[in-house]
Amino acid sequence: MSEQDEVILSVSHLKKYFQLSRTEVLKAVDDVSFEIHKGETLGMVGESGCGKTTCGRTCIGLYQKTDGTVLYRGQDIHNLNKTEQFAFRKNAQMVFQDPFGSLDPRMTVADIIAEGIDIHHLAKDNKDRSEQIFRYLELVGLNREHANRFVHEFSGGQRQRIGIARALAVQPEFLVLDEPISALDVSIQAQIVNLLIELQQKMGLTYLFIAHDLSMVKHISDRVAVMYLGTLVELTTSEQLYADPKHPYTKALLSAIPIPDPDVEEARDAVRIPLEGEVPSPINPGEGCRFRKRCRFAKEACGKTMPPLKDLGNGHFVACHLYDNDDE
Ligand code: SF4
């Protein structure tokens, strides 16, 4: 079995509902299944409110699930005893979208990075602790002079580097990266993505990379999962998704990515699929396909039953009635 065949995370029929009132239930994640293999990056994309962050948080145990299972190396992460939970928290870390909000402004950078080292007793002594802090700072492109400074002294990109160093300091193997570049300037985004790729190669990390648009995940993902209103609508390799998207929602998301070549852009205008209307509410989404009110291909069946996620071959999964009975 090659490393890439080894399943690290197996998510099966996962549901996460929030009871808003006696009658209203927000179905943030509704029957989502996927696997992540060792050393791979699974990109998870969708507009805001589609449930991707809730899915990431439920996969790492920050939220209790409503139903379904999340297995981490075969262990049900929502059913761990205290010792197992402690080990899981070390192995699986989260990097948040807002590095400023997630880093304590009263702590020095050294203390932020050392927190996990201390909790998990990863340093032999104080010298080793300091060396580890410096090593993680250097790994993320900062230097030892930064150790005694406070978070407000850093730029957005540097703060995200600190957030990544904090996550790495417990020597995890799996990271949920929750829109780690969305809050950063475009010029800085590529630097952080390149850093994450470099760290993955150096440390054999596995990523769930959450983002709100497809252009961000293209460079980093091996496979991409597209979410719409709490459901997974397409899942395939990054290459396949960009070359031959199947779901109307994925096609619309791809149409929205600007291409800096006017000729290509003009040619694309002829086949562009506009994404119309607002994302409907995940509260009481009704029967049928959740994309039906924005889909120009909607047919009768789309209002009646939710299309299941179906394998079209070579691991290209799509949930859309256009592919019923192989009738493409
Ligand atoms: Fe459109 Fe129907 Fe496919 Fe939904 S199932 S994406 S409404 S064609």
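All values below come from the heavy atoms of this structure, side chains included, with hydrogens, waters and symmetry mates left out. Everything quoted here is computed from the prediction, not taken from an experiment. As the structure lists them, so they are numbered: ligands from 1, and atoms in each ligand from 1.
Which parts of ligand 1 touch H247 is read off a 4.0 Å heavy-atom cut-off, strictly below it: atoms 6 (S).
The side-chain heavy atoms of L168 and L175, taken from C-beta on, include a pair separated by under 4.5 Å.
Heavy atoms of R296 come nearer than 4.0 angstrom to ligand 1 in no pair at all.
With 3.5 Å as the limit, one finds no donor-acceptor pair spanning the side chains of T69 and D76. In this model, a donor atom of one side chain and an acceptor atom of the other lie less than 3.5 Å apart for E173 and Y72.
Shown here are the side-chain contact (heavy atoms from CB on, under 4.5 Å) partners of D104, two or more places apart in sequence or in another chain: R106, M107.
In summary, of the residues considered (K52, E47, E179, Q97), a side chain to side chain donor-acceptor pair (under 3.5 Å) with H212 occurs for E179 alone.
Heavy-atom neighbours of D244 CG from other residues, nucleotides or ligands within 6.0 Å: above the threshold of 12.
Electrostatic pairing of K127 and E131 counts as a salt bridge here, judged by a charged N lying under 4.0 Å from a carboxylate O.
Protein atoms that are N, O or S and lie under 2.8 Å from atom 2 (Fe) of ligand 1 are these: C302 SG.
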